Colleague: 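Below is one structure. I have some questions about it.
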Amino acid sequence: MENRPAQTDSESRRLQSAFSELLLAWYRASCRKLPWRGVEDPYAILVSEVMLQQTQVRTVIPYYERWMKRFPTLETLAEADEGEVLKAWEGLGYYRRARLLHAAAQMVTSEFGGRFPSDPETIASLPGVGPYTLAALASIAFGHAMPVVDGNVIRVLTRWFGIRGVPSRLPARREIAETARRLVPREAPGDFNQALMELGAMVCLPRRPCCLLCPVRRGCAAYAEGAQARFPEAAPPKAVIRQFEYAGLVIREGKVLLCRRGDGGRMERLWQFPSVLLPKESKKWSARWKSKYGALKETVPLTVLNYSVTNHRIRLELHQIEKFQRYKLPSAHWVPLAEAPKLAFTAAHRKLADRFLTGADRLHPAEPWKNDR
DNA sequence: AACGCGGGGGC
DNA sequence: GCCCCAGCGTT
């Protein structure tokens, strides 16, 4: 199957040469005003690009504003401690991004004397900077003609050029990358790249694209065939894994028992209530909880919360534990209630904390039990 | 080359 | 409910 537009070759070439100019003109006339648009500081651009990895603009905006207020320069970020960095990222997800961004700031400070590198190879060596972020930084901040390929670009190019195949697989991926490379102009590559992404975000939508508003609908293979919905080809969905989490709320003497998640696995270094994760719903959860944290008595069910982590669907039950005997505390700490809001929680446990920790010292403090100290 | 990783928004 | 999102690092 040929991957090219439905027009003749000469017609196709003519339309392709007009593609960049029409797209740029559209972008300059009607792009959104975003907090990082028009910014020249490479650090600020890096922050925005890392936040925008797999995260929608709408979600990123408030985080970006707060972040730049708290860490206005590369140095302030480099000097910050990890807890504060994670707190600023709390709720944004993919928490590894925050730690890699932190590491990148420290690397620029320590290895490049605080001067942000401008050559692509050095930019690529920064933690958390992959092919996309490299191209975005290089083109937007430094004017290098490097092609960005993100979800928006994949959708626009597969539709316009009628590129078949699942984009995450090599044949289609290679063709998309090559197409993007051919299109990116020497002049204003940063604007062009942003224009391509803006088109994908505002016009060439995953479902119900607004083709009548599209500046480049002439020449679009999918539009010509009415086949917008077939591009890009979807990969088979991943199986959903169901899990059941049981968390305990233990409060005593104005302190709450909290755990910090370890390295590796998900949501590294974030805080949560002590909990166990089981593959099945079970009334015997407390036995598992006991072997992990300590003996418990007189539990009171408080609430149920459903949430998801990638392809895991988790039903989370929170139980108040009135009597608790600690004998294992691998990663658990007694945290003063006033300190809990300052810690970075996972989103699900943050919801529990906001609901059950505020003013909790005035409720039912758990009682000492047995020889617990 | 495939997989794991968050959370929210839109329909 | 399901799909998607300005991807990256690891295996």
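Protein chains get the first letters and strands the later ones, always in sequence-line order, with residue 1 at the start of each. Given the structure is predicted, the values throughout are model-derived calculations rather than measurements.
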Colleague: Rounded to whole Å, please give me the gap between CG in N311(A) and P in dA2(B).
Modeller: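 Rounded to whole Å, this separation is 17 Å.
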Colleague: So what does Y307(A) touch, heavy atoms closer than 4.0 Å: a base, only the sugar-phosphate, or nothing?
Modeller: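 Counting heavy atoms under 4.0 Å across all strands, no contact is made by Y307(A).
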Colleague: Kindly confirm or rule out a cation-pi arrangement of R115(A) over F112(A), judged by NZ or CZ under 6.0 Å from the six-membered ring centre and within 45° of its axis?
Modeller: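 No, cation not above the ring by the 6.0 Å, 45° rule.
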Colleague: Rounding to the closest angstrom, what is the interatomic distance between dC5(C) and dC5(B) at atom C1'?
Modeller: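 The answer is 14 Å between these two C1' atoms.
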Colleague: From the list dG8(B), dC3(C), dG7(C), which nucleotide is the closest neighbour of the side chain of Y94(A)?
Modeller: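 Closest of the options to the side chain of Y94(A): dG7(C).
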Colleague: By nearest heavy atom, map G128(A) and V57(A) onto DNA chain C; which one lands nearer the 5' end?
Modeller: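 Result: V57(A).
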Colleague: May I ask you to say whether E198(A) pairs ionically with R32(A), meaning some side-chain N is under 4.0 Å from a carboxylate O?
Modeller: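 Counted as a salt bridge, because a side-chain N and a carboxylate O are separated by less than 4.0 Å.
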Colleague: Counting heavy atoms from C-beta on, name the nucleotide in dG6(B), dA6(C), dG9(C) closest to the side chain of L100(A).
Modeller: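 Between dG6(B), dA6(C), dG9(C), the one nearest the side chain of L100(A) would be dG9(C).
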Colleague: Specify the separation, in whole Å, of atom CG of L92(A) and atom P of dC8(C).
Modeller: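 After rounding, the reported distance stands at 15 Å.
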Colleague: With a 3.5 Å cut-off and just heavy-atom distances, do the side chain of R96(A) and the base of dC8(C) make a donor-acceptor pair?
Modeller: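 Indeed there is one.
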Colleague: dG7(C) base to Y132(A) side chain: any donor-acceptor pair below 3.5 Å?
Modeller: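 A donor-acceptor contact between them is absent.
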Colleague: What nucleic acid atoms does P237(A) come within less than 4.0 Å of, heavy atoms only: base, sugar-phosphate, or nothing?
Modeller: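 The answer is nothing, as P237(A) stays clear of every strand by at least 4.0 Å.
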Colleague: Just to be sure I understand the rule, does V60(A) reach a base, reach only the sugar-phosphate, or reach nothing, if contact means heavy atoms closer than 4.0 Å?
Modeller: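 Touches nothing.
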Colleague: Mind checking if A136(A) touches a base, just sugar-phosphate, or nothing, with heavy atoms under 4.0 Å?
Modeller: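 Nothing: the residue A136(A), judged by heavy atoms under 4.0 Å, touches no strand.
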Colleague: Starting at CG of L137(A) and ending at C1' of dC8(C), how long is that distance when rounded to a whole Å?
Modeller: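 Taking atom C1' of dC8(C) as the reference, CG of L137(A) is at 14 Å.
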Colleague: Check every strand shown and say whether T133(A) touches a base, only sugar-phosphate, or nothing at a heavy-atom separation below 4.0 Å.
Modeller: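 Sugar-phosphate, backbone atoms only, no base.
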Colleague: Taking atom P in both dA6(C) and dC11(B), compute the distance separating them and give it to the nearest angstrom.
Modeller: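 The answer is 15 Å between these two P atoms.
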Colleague: Given that Y63(A) and R173(A) both sit by DNA chain B, which one's nearest nucleotide is further toward the 5' end?
Modeller: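 In this pair, the answer is R173(A).
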Colleague: Rounding to an integer number of Å, can you tell me how far R350(A) CZ sits from dG7(B) P?
Modeller: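 It is 12 Å, rounded to the nearest whole Å.
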Colleague: Does OP1 or OP2 of dG8(B) have a side-chain N or O of K351(A) closer than 4.0 Å?
Modeller: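 Result: yes.
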Colleague: Check every strand shown and say whether M51(A) touches a base, only sugar-phosphate, or nothing at a heavy-atom separation below 4.0 Å.
Modeller: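 It contacts nothing in the nucleic acid.
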Colleague: H144(A) vs F142(A) aromatic rings, parallel, tilted or perpendicular, using cut-offs 30° and 60°?
Modeller: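 Aromatic pair H144(A)/F142(A) classed tilted.
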Colleague: Touch check for R58(A), heavy atoms < 4.0 angstrom, all strands: base, sugar-phosphate only, or nothing?
Modeller: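 Sugar-phosphate contact only - R58(A) comes under 4.0 Å of backbone atoms but never of a base.
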Colleague: What integer number of Å spans the C1' atoms of dG6(B) and dC3(C)?
Modeller: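 The answer is 15 Å between these two C1' atoms.
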Colleague: Across the strands shown, which category fits R37(A) at heavy-atom distances under 4.0 angstrom: base, sugar-phosphate, nothing?
Modeller: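 R37(A): base contact, heavy atoms under 4.0 Å.
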Colleague: Using the rule that two of Ile, Leu, Val, Met, Phe, Trp, Tyr join whenever any of their side-chain heavy atoms come within less than 4.5 Å, decide whether I163(A) and L205(A) are in one cluster.
Modeller: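 No; L205(A) is not reachable from I163(A) via cluster members.
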Colleague: Tell me the interatomic distance from I314(A), atom CD1, to dC5(B), atom C1', rounded to whole angstroms.
Modeller: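 So the CD1-C1' distance, I314(A) to dC5(B), works out to 12 Å.
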Colleague: Of all the heavy-atom pairs spanning W89(A) and W67(A), show the shortest one and how long it is.
Modeller: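 Minimum heavy-atom separation between W89(A) and W67(A): CE3-CZ3, 3.4 Å.
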Colleague: At 4.0 Å (heavy atoms only), tell me whether R313(A) reaches a base, stays on the sugar-phosphate, or touches nothing.
Modeller: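 Sugar-phosphate contact only.
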Colleague: Start at the 5' end of DNA chain B and walk down; is the nucleotide closest to L170(A) or to Q53(A) reached first?
Modeller: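 The residue mapped nearer the 5' terminus is L170(A).
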Colleague: Strictly by Watson-Crick or wobble contacts shorter than 3.5 Å, is anything paired with dG7(B), and which nucleotide is it?
Modeller: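 Per the H-bond distance test, dC5(C).
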Colleague: Rounded to whole angstroms, how far apart are NE2 on H312(A) and P on dG1(C)?
Modeller: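 The distance from NE2 of H312(A) to P of dG1(C) comes to 19 Å, rounded to the nearest Å.
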Colleague: Return the value, rounded to whole Å, for the distance between atom CD of Q54(A) and atom C1' of dC4(C).
Modeller: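 Value for this atom pair: 9 Å.
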Colleague: Could you work out the separation of dG8(B) and dC8(C) based on their P atoms and round it to a whole Å?
Modeller: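 The answer is 22 Å between these two P atoms.
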Colleague: Report the C-alpha distance between E317(A) and R315(A) in whole Å, list the side-chain angles of each, state the deciding distance to 0.1 Å, and finish with yes or no for salt bridge (Lys or Arg N to Asp or Glu O under 4.0 Å).
Modeller: CA-CA 7 Å; E317(A) 284 184 21; R315(A) 180 178 186 277; 2.5 Å; yes
Colleague: Has the side chain of T55(A) got a donor or acceptor atom sitting under 3.5 Å from an opposite partner on the base of dG6(B)?
Modeller: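 Looking at the base of dG6(B), it does pair with a donor or acceptor on the side chain of T55(A) (distance under 3.5 Å).
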Colleague: For a quick check of understanding: with a heavy-atom distance under 4.0 Å over all strands, which category does L34(A) fall into, base, sugar-phosphate or nothing?
Modeller: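 Base, at least one base heavy atom under 4.0 Å.
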Colleague: Separation of L196(A) atom CG from dA6(C) atom C1', in whole Å?
Modeller: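 To the nearest whole Å, that distance equals 11 Å.
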Colleague: Remember a base hit wins even if backbone is also touched, and classify W36(A) as base, sugar-phosphate or nothing at under 4.0 Å, heavy atoms.
Modeller: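 Counting heavy atoms under 4.0 Å across all strands, the contact made by W36(A) includes a base.
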Colleague: Judged by atom type as modelled, is there a donor-acceptor pair below 3.5 Å linking the side chain of R28(A) to the main-chain atoms of A25(A)?
Modeller: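 No, R28(A) side chain to A25(A) backbone: no donor-acceptor pair under 3.5 Å.
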